[in-house]
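Every chain is numbered from 1, with letters handed out A, B, ... down the list of sequences. No experiment lies behind these values; they were computed from the predicted model shown.
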There are 2 protein chains.
Amino acid sequence: MINRKCIIRLSRYKSALKRLKALGFVKVFSGNLADAAGVTSSQVRKDFSLFGITGNRRGGYNVDELIERIQEILGKNELQKVVLIGAGHIGNALLRYKGFETGGIKIMGAFDIDPEKVRSDGEVPVLPLEEFHEFVHKHSIRVGILAVPDVAAHHVSEIMIGAGITGILNFAPIQLRGAEGVIINNINLEVELENLIYFVNASEKTGKKG
Amino acid sequence: MINRKCIIRLSRYKSALKRLKALGFVKVFSGNLADAAGVTSSQVRKDFSLFGITGNRRGGYNVDELIERIQEILGKNELQKVVLIGAGHIGNALLRYKGFETGGIKIMGAFDIDPEKVRSDGEVPVLPLEEFHEFVHKHSIRVGILAVPDVAAHHVSEIMIGAGITGILNFAPIQLRGAEGVIINNINLEVELENLIYFVNASEKTGKKG
DNA sequence: GATTAAATGATATTTTTATCACAACAAAAG
DNA sequence: CTTTTGTTGTGATAAAAATATCATTTAATC
């Protein structure tokens, strides 16, 4: 019942709530959240009921409580430690991305096979790949970001899984197959752009939004 | 009937086909493609039927023809020109990302509001934001990548739409609302990681894959 | 050339996901 | 204290998506 799309909506509700809070909202109704997140109010309430989130009949939901509750569900009330393999362009961009830290996610260390990329002077150390296994165990890390070239991706994913990683966010443009008990979330930039281009071309032909 | 998920699968079939071609395959069956793309054979044939792609009964599909046909559908037989706003860390990583060019997508120019980021010595020029409108018109560009900080995202999206962009790939961590006739594809890195973390935590508790 | 085997393509079925509709309830008003 | 108003929470309903089924057709074999 609780699936990926549902959790993604939960994340969106959270963002929307933070914006509403910044605007001074103290309580919200399902309709407000629905508008802010681009769904229906029924959807919001249904999602909440799945997670046992309850509000006050006629009184809506308390913004602070709701944010707290969603963060709790998303596991964001404690710092989520992750690790990164591949300190190339995308890897480096992710290392410097500020959005993670404000969201309670901390990249503890980065790893690369290229000795030239290794450095410990930055905010996050870039270490040689040999130290990966030990590092992951020492910090009890379960989630890793994979940002290596496609040819290395499969091999590196096996290293990650071998070290005890059970969730991989994969930026390499190949579809990694999830081993038993390992969750893989593939982000394929080319596919995303291709997709967009298709619908833009399609709407140019038909003159309407696809 | 033809929706986002369907086009994404089409992209995946294309990647799979290219791999199969590299392995020497001349023809494939729906089952082969299904395995390679991680779906069922029925799904493959269903998708194909939506686009009028036909094969040979008992003979499967010719790999070259199939790739050609899919590329045609995805509009990839001609170079797809795109533009980028925001030459920060993520923007720069995208500029240097090789996967686009091999896939028939070319970032024609990048734009930034910060004069220090402007440079025309690279492979792709980074230009001041003032030149955006003219550039987009000159090159008849319809698709843009948005990689600016969240506070600027909405404003920049309006600049893009004002210049005639009808498809935006948004990396800013806010949910941009699609104006009439404008298609927006949001990639929210934090949401993706959050999602992964949720399912990893959930599977640790229950001991099974979420 | 007839027969057999195997994959397609169309249709039917199942499963999943989202929406609707309304009873239950709490706050506000009278 | 009673009535009205308006929102939640959820079971029922509808829509959409994925999967299974199977007749049809075609390549390969004999």
Quick one: on DNA chain C, does B/Gly55 or A/Lys5 contact a more 5' nucleotide (nearest heavy atom)?
B/Gly55

Is there a residue in residues 17-42 of chain B whose heavy atoms reach under 4.0 Å of DNA chain C, and which residues are they?
B/Phe29, B/Ser30

Nearest-angstrom distance from the residue atom [atom1] of [X] to [atom2] of [N]:
X       : N      : atom1 : atom2 : result
A/Asp47 : C/dT19 : CG    : C1'   : 12 Å
A/Arg4  : D/dA18 : CZ    : P     : 14 Å
B/Phe48 : D/dT19 : CZ    : C1'   : 17 Å
A/Leu50 : C/dT17 : CG    : P     : 11 Å
A/Met1  : C/dT17 : CE    : P     : 8 Å
A/Gln43 : C/dT17 : CD    : C1'   : 8 Å
A/Asn56 : C/dA28 : CG    : P     : 11 Å
B/Asn62 : D/dA27 : CG    : P     : 13 Å

Under the 3.5 Å rule, do the base of [N] and the side chain of [X] count as making a donor-acceptor pair?
X       : N      : result
A/Arg57 : D/dT7  : no
A/Lys46 : D/dT10 : no
B/Arg58 : C/dA6  : no

Check: A/Asn32 side chain, A/Phe29 main-chain N or O, donor-acceptor pair, under 3.5 Å
yes

Are the side chain of B/Arg69 and the backbone of B/Phe51 linked by a donor-acceptor contact shorter than 3.5 Å?
yes

Should B/Arg45 be listed as having a side-chain N or O under 4.0 Å from OP1 or OP2 of C/dG9?
no

Distance test, side-chain N/O of A/Asn3 to OP1/OP2 of C/dT17, below 4.0 Å
yes

Looking only at heavy atoms, the pair that brings A/Val126 and A/Ala87 closest together is CG1-CB, 4.0 Å

How about B/Tyr61 and B/Asn56: does a side-chain donor come under 3.5 Å of a side-chain acceptor?
no

Distance-only polar pair, side chains of B/Asn185 and A/Glu192, donor-acceptor under 3.5 Å
yes

Scan B/Tyr61 against the nucleic acid and name what it touches under 4.0 Å (heavy atoms): base, sugar-phosphate only, or nothing.
sugar-phosphate

So what does A/Arg9 hit on the nucleic acid, given a heavy-atom distance under 4.0 Å: a base, only sugar-phosphate, or nothing?
sugar-phosphate

Determine whether the aromatic ring centres of residues A/Phe100 and A/Tyr97 are separated by less than 6.0 angstrom.
yes

Which is it for A/Arg142 and A/Thr166 under the side chain to side chain donor-acceptor pair (under 3.5 Å) test, yes or no, and what are the steps along the way?
CA-CA 5 Å; A/Arg142 291 277 168 274; A/Thr166 56; 5.0 Å; no

